[in-house]
Amino acid sequence: FQQPVRKLICFAGFEPFGEHTVNASWVAVQELKKLGLGSEVDLHVYEVPVEYQKVQSLVPSLWKQYHPQLVVHVGVSGMATTVTLEKCGRNHGYKGLDNSSFCPDSQCCIVGGPDCIDSVIDMELVCKRVTASGLGVAVSVSKDAGRYLCDFTYYTSLYLSHGRSAFIHVPPLGKPYSGEDLGRAVKAIIQEMLELLDQVEEKIHCQQHFH
């Protein structure tokens, strides 16, 4: 009896925007692709446009096409000095113009959606485990992904996946980490997330079994 291949889409390497002429998130995703996640994880990589409307069509199409076990988004933050795990996505407050000088009239992701959606993954626990592994890259947890394309993409993904999404913010390259460092960190983080997700699923499966 062979386990089905677990599908993981890591597609949130964003394209360049503003002062980020090289987007560290896309570099981190490409480094992760080189490293791989082992033979049982099927890794699909996408570079996401920094445009609200494109995100609104791309994210649903990925869920529909692959039915992934987990979608992990990676974005860059000029304010970050650590690799930051985002706990939740927020629905309102999108006033910043994107790469095509557009922002949604409603200033929200999903009209009528909840204000905030949490990931099913315990980010504090992931942070604790990765930190304990002595990776040499600092990891922290945040509750605010910044109300721009990162947050917009994360909320959209959380909404569609019922919380089976994650978002990792990385600092710009060289401030202080190299692309290789970021790739290693993202790999370690995703491996912990998949392990936790397996445990969450076992719990759900057991509960269904008893009813």
Side-chain angles (χ1 to χ4, degrees), residues 1-13 24-25 27-46 59 62-63 65-75 80 82-89 116-143 145 150 153-171 177 179-210:
F1 174 70
Q2 212 185 345
Q3 283 285 338
V5 171
R6 289 204 305 242
K7 290 246 194 280
L8 166 73
I9 312 276
C10 178
F11 80 100
S25 68
V27 174
V29 168
Q30 288 174 305
E31 288 294 335
L32 173 68
K33 195 175 184 189
K34 277 187 224 165
L35 293 168
L37 284 161
S39 57
E40 77 277 22
V41 178
D42 193 359
L43 183 64
H44 295 266
V45 166
Y46 288 83
V59 177
L62 290 174
W63 281 103
Q65 191 178 346
Y66 295 109
H67 305 290
Q69 188 196 20
L70 173 69
V71 167
V72 179
H73 304 271
V74 189
T82 61
V83 173
T84 309
L85 308 176
E86 298 292 348
K87 290 174 81 148
C88 54
C116 181
I117 302 175
D118 288 332
S119 173
V120 296
I121 292 163
D122 182 341
M123 297 300 176
E124 305 281 358
L125 188 52
V126 172
C127 180
K128 215 167 160 176
R129 285 185 178 183
V130 174
T131 302
S133 74
L135 193 65
V137 175
V139 181
S140 63
V141 178
S142 151
K143 290 181 183 165
C150 289
T153 303
Y154 192 23
Y155 182 93
T156 306
S157 204
L158 286 165
Y159 182 85
L160 292 168
S161 65
H162 307 289
R164 296 164 65 89
S165 302
F167 198 104
I168 304 166
H169 258 128
V170 296
Y177 302 113
E180 288 88 351
D181 291 333
L182 296 178
R184 279 190 306 115
V186 170
K187 177 175 177 167
I189 288 164
I190 292 173
Q191 284 172 326
E192 292 294 351
M193 286 177 175
L194 287 174
E195 209 169 294
L196 285 183
L197 205 54
D198 282 346
Q199 290 164 12
V200 167
E201 265 155 17
E202 269 169 40
K203 237 185 250 173
I204 292 167
H205 189 68
C206 292
Q207 284 164 350
Q208 284 170 342
H209 197 67
F210 287 122

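Computed from a predicted structure; not experimentally measured.
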Shortest non-hydrogen contact from Thr82 toward Ser140: OG1-OG, 2.7 Å
Trace of the side-chain contact (heavy atoms from CB on, under 4.5 Å) decision for Val83 with Asp181: CA-CA 10 Å; Val83 173; Asp181 291 333; over 6 Å; no
Gap separating the CD atom of Gln30 from the NZ atom of Lys34, nearest 0.5 angstrom: 7.5 Å
From CA spacing to verdict: side-chain contact (heavy atoms from CB on, under 4.5 Å), Asp198, Gln69: CA-CA 10 Å; Asp198 282 346; Gln69 188 196 20; 3.3 Å; yes
Nearest heavy atoms of Leu35 and Arg184, plus distance in Å: CD1-N, 3.9 Å
Gap separating the NE2 atom of His169 from the SG atom of Cys150, nearest 0.5 angstrom: 3.5 Å
Considering all heavy atoms, the nearest Ala166-Met123 contact: CB-CE, 3.8 Å
Option among Val72, Leu182, Thr84, Val126 that satisfies the side chain to side chain contact (heavy atoms under 4.5 Å, CB included) test with Ile168: Val72
Derivation and outcome, side-chain contact (heavy atoms from CB on, under 4.5 Å), residues Trp63 and Ser165: CA-CA 11 Å; Trp63 281 103; Ser165 302; 3.6 Å; yes
Polar side-chain atom of Arg164 near backbone of Val71 as donor-acceptor pair, under 3.5 Å: no
From CD (Gln199) to CD1 (Ile121), nearest 0.5 Å: 11.5 Å
Nearest-0.5 Å distance, CG of residue Leu158 to OG1 of residue Thr153: 10.5 Å
Minimal non-hydrogen separation, Leu62 against Pro68, with atom names: O-CD, 4.1 Å
Any donor-acceptor pair under 3.5 Å from Tyr154 side chain to Glu86 backbone: yes
Under 3.5 Å: donor-acceptor pair, side chain of Tyr177, backbone of Gly183: no
Inter-residue atom distance Leu43.CG - Lys187.NZ, 0.5 Å rounding: 10.5 Å
Main-chain N/O of Ser157 paired to Ser161 side chain as donor or acceptor, under 3.5 Å: yes
Under 3.5 Å donor-acceptor, Ser119 side chain and Lys87 backbone: no
Met193 to Leu70 - nearest heavy-atom pair and separation: CB-CD2, 4.1 Å
Glu192 backbone acceptor or donor facing Arg129 side chain under 3.5 Å: no
Over all atoms of both residues, closest heavy-atom pair of Cys88 and Ala145: O-CB, 4.5 Å
Ring geometry between His73 and Phe167 (parallel below 30°, tilted from 30 to 60°, perpendicular above 60°): parallel
From CD1 (Ile190) to CG (Leu197), nearest 0.5 Å: 12.0 Å
